[in-house]
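To keep things clear, I will list the structure first and then write my remarks on it.
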There are 2 protein chains.
Amino acid sequence: MANNQSSPEAGVGPDRKAALNHTLRHRILTMQIAPGSVLDEVALSEEFGLSRPPVREAMRQLAGEGFIELEANRPARVTSMSYQSLRDFFLIAPMIYVAATRLAAEHASKADIAGLREIQDSFRDAVHSNDVDGRVFYNDKFHLRVGEIANNAYILPSLRRLLIDHARIGKIFYRPSNARMLEELHEASRQHDEIIDAIANHDADRAEVLIRAHLDLSRKNMAMYAAPEGMAISLGV
Amino acid sequence: MANNQSSPEAGVGPDRKAALNHTLRHRILTMQIAPGSVLDEVALSEEFGLSRPPVREAMRQLAGEGFIELEANRPARVTSMSYQSLRDFFLIAPMIYVAATRLAAEHASKADIAGLREIQDSFRDAVHSNDVDGRVFYNDKFHLRVGEIANNAYILPSLRRLLIDHARIGKIFYRPSNARMLEELHEASRQHDEIIDAIANHDADRAEVLIRAHLDLSRKNMAMYAAPEGMAISLGV
DNA sequence: TGAGTGCATCTTGTCTACAAAAAGTAGACT
DNA sequence: AGTCTACTTTTTGTAGACAAGATGCACTCA
């Protein structure tokens with residue numbers, strides 16, 4: 001156990017396994033590790049002061065959530081993205097996001113709202129301070145929390161999967177030089193606030209309108225890639 | 001179908017790990033292992049002739065797909081079901097099933113259709129021979145294959161999660177003595193055939209109508225025959 | 001007698017070492 | 001000279017043993 005110092009974020013600690021999970025997620029979401037990259041088990045185990053078995057367990061878990069892809073006798077690779085996946089994303093995202101947001105509006109408690117506002121505060125700060133990774137990270141946390149508030153075990157899996165690529169798309173198409181894009185980030189932040197208000201008021205219809213507008217904003221930013229319109233499938237029977 | 005009861009193929013084999021995965025899924029889907037049950041690592045490792053690490057890896061993977069639930073320093077338990085999860089299921093299932101089936105209708109190739117028909121043949125056989133587990137298993141395989149044909153990475157996670165409980169609901173509310181339920185199973189089988197036809201004709205609209213009717217049939221069976229008997233689902237806490 | 005505490009036991013979590021499979025490389029043969 | 005093959009190297013997969021945490025029981029003490 002010679003060099004635990006060389007690792008910046010984690011190398012020692014009570015729960016190094018949680019650190020591994022957390023850090024890997026963060027790196028994949030912010031594309032510090034690019035889609036398609038190979039993850040070396042020994043390198044990770046050394047960096048986080050773990051042996052390979054717990055690292056392998058974490059890999060399996062991440063694979064189950066769609067962060068990475070595993071193949072027998074081959075190295076783990078970060079889930080890849082393609083032009084096709086971009087189309088697939090904007091085809092399905094509205095349906096899932098709308099469903100999650102509507103359900104959240106129906107179920108949210110006062111504590112849920114408080115939790116959302118806390119995350120949104122961090123998101124707003126990241127936007128205003130031009131912290132790109134922070135913005136991506138807290139945007140992910142925001143929508144994931146909405147999904148948790150929705151409190152429906154069947155919608156969360158797809159929402160989780162969508163959020164992974166939502167984060168990465170947000171990084172891929174970010175152009176810091178573009179002033180209009182910056183303005184639209186502030187608009188997105190305001191939309192978050194409005195979504196929280198709608199959820200707090202248990203106004204599912206308004207929440208749906210807002211979340212659709214929220215996604216449209218993202219889609220417009222990458223209109224050059226001809227992202228398709230979402231499927232119009234209503235929730236409920 | 002291949003009936004994996006106690007331990008016929010366990011112990012030896014070229015890919016005991018695949019056998020473990022496969023068998024565990026099957027047991028959970030058919031409720032040979034009840035929701036809420038604990039899974040003992042050493043028992044499984046002994047049954048399948050593996051050591052604990054690969055068993056633990058398999059558990060992580062199954063947890064990621066929603067078959068089991070893991071908690072730190074506590075035994076793995078089969079994902080529980082409740083009255084609430086029933087409501088949640090029928091709230092979300094139409095949306096996801098419809099989306100998957102519509103997409104499948106748009107993307108299906110001749111080979112896809114052939115694969116579907118093969119699965120449906122097994123399903124029909126299971127229905128006609130009153131093989132309850134086989135029926136549940138091949139129904140799961142059928143809808144999962146439809147989801148794979150849809151070829152959209154973002155809809156599959158929720159579909160997978162839904163199918164787990166779809167299978168278990170199908171077993172919970174099955175009443176072999178009820179003649180009308182038997183007739184409705186045959187109706188479900190005919191619906192499968194029609195769904196395949198619609199997909200083969202790339203008729204998304206018709207496929208949607210059919211899949212909605214298919215789900216309504218399941219829902220009616222529950223309401224009619226299960227509810228009167230008192231909702232005796234003692235599954236999981 | 002009841003409640004709290006310490007111990008025994010079992011289960012989960014982790015580590016080191018070994019086995020197997022794939023990839024890359026050098027050599028020999030055609 | 002090119003290609004096939006055998007070997008070396010690297011990486012993944014597995015095994016068995018050890019450590020840590022949790023649970024249940026018995027025992028002690030008020």
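Heavy atoms only: backbone and side chains are in, while hydrogens, waters and symmetry mates are out. This structure is a prediction, so every number in the text was calculated from the model and none was measured.
- Using a cutoff of 4.0 Å between basic side-chain nitrogens and carboxylate oxygens, B:Asp133 and B:Lys171 are scored as salt-bridged.
- Side-chain atoms of B:Tyr138 and B:His143 form no donor-acceptor pair, as typed in the model, at a separation below 3.5 Å.
- Rounded to an integer number of Å, the gap from B:Leu20 CG to D:dT14 C1' is 14 Å.
- Atom CG in B:Asp15 sits roughly 15 Å away from atom C1' in C:dA20 (whole-Å rounding).
- Nucleotide D:dC18 holds its P atom 21 Å from the CG atom of A:Leu50, rounded to whole Å.
- Set against D:dA22, D:dA15, C:dT14, the side chain of B:Arg74 has D:dA22 as its closest nucleotide.
- Projected onto DNA chain C by closest heavy-atom contact, A:Ala72 and B:Asn73 fall at different nucleotides, the more 5' of which corresponds to B:Asn73.
- Residue B:Arg56 is classed as a base contact, given a heavy-atom separation below 4.0 Å to a base.
- C:dA21 atom C1' lies 14 Å from atom NZ of B:Lys17, rounded to whole Å.
- Residue-level contact check: B:Pro53 touches the bases, meaning some heavy atom is under 4.0 Å from a base atom.
- For the pair A:Arg16 CZ and C:dG13 C1', the computed distance is 10 Å after rounding to whole Å.
- Remark: P of C:dC10 and CD of B:Glu46 are 14 Å apart, rounded to the nearest angstrom.
- Near DNA chain C, defined here as any heavy-atom distance below 4.0 Å, there are no residues from residues 59-70 of chain B.
- B:Ser189 and B:Gln120 share a donor-acceptor pair across their side chains, judged by distance under 3.5 Å alone.
- Both A:Ser51 and B:Pro75 lie near DNA chain C, and the one whose nearest nucleotide falls closer to the 5' end is B:Pro75.
- Along DNA chain D, the nucleotide closest to B:Glu57 and the one closest to B:Arg52 are compared, and the more 5′ of them pairs with B:Glu57.
- Contact check on B:Glu71 versus B:Arg77 returns no salt bridge, with no Lys/Arg side-chain nitrogen under 4.0 Å from an Asp/Glu carboxylate oxygen.
- Salt bridge status for B:Arg161 with B:Asp165: present, with a side-chain N to carboxylate O gap under 4.0 Å.
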Assess whether salt bridge (charged side-chain N to carboxylate O under 4.0 Å, His left out) is satisfied between A:Glu41 and A:Arg56, documenting all intermediate values.
CA-CA 7 Å; A:Glu41 294 178 0; A:Arg56 288 170 59 85; 2.9 Å; yes

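- Between A:Glu46 and A:Arg16 there is no salt bridge, since none of the side-chain N atoms of the basic residue sits less than 4.0 Å from a carboxylate O of the acidic one.
- For the residue pair A:Asp112/A:Ser109, the side-chain donor-acceptor check at 3.5 Å is satisfied.
- Computed from C1' positions of five pairs at each end, the angle between the two local axes of the helix from C:dT1-D:dA30 to C:dT30-D:dA1 equals 0°, rounded to 10 degrees.
- Between A:Glu41 atom CD and C:dA22 atom C1' the separation is 14 Å, expressed in whole Å.
- The six-membered or imidazole ring of A:His202 lies away from that of A:His107, with a centre-to-centre distance of 6.0 Å or more.
- Distance CG (B:Asp40) to C1' (C:dT9): 14 Å, rounded to an integer number of Å.
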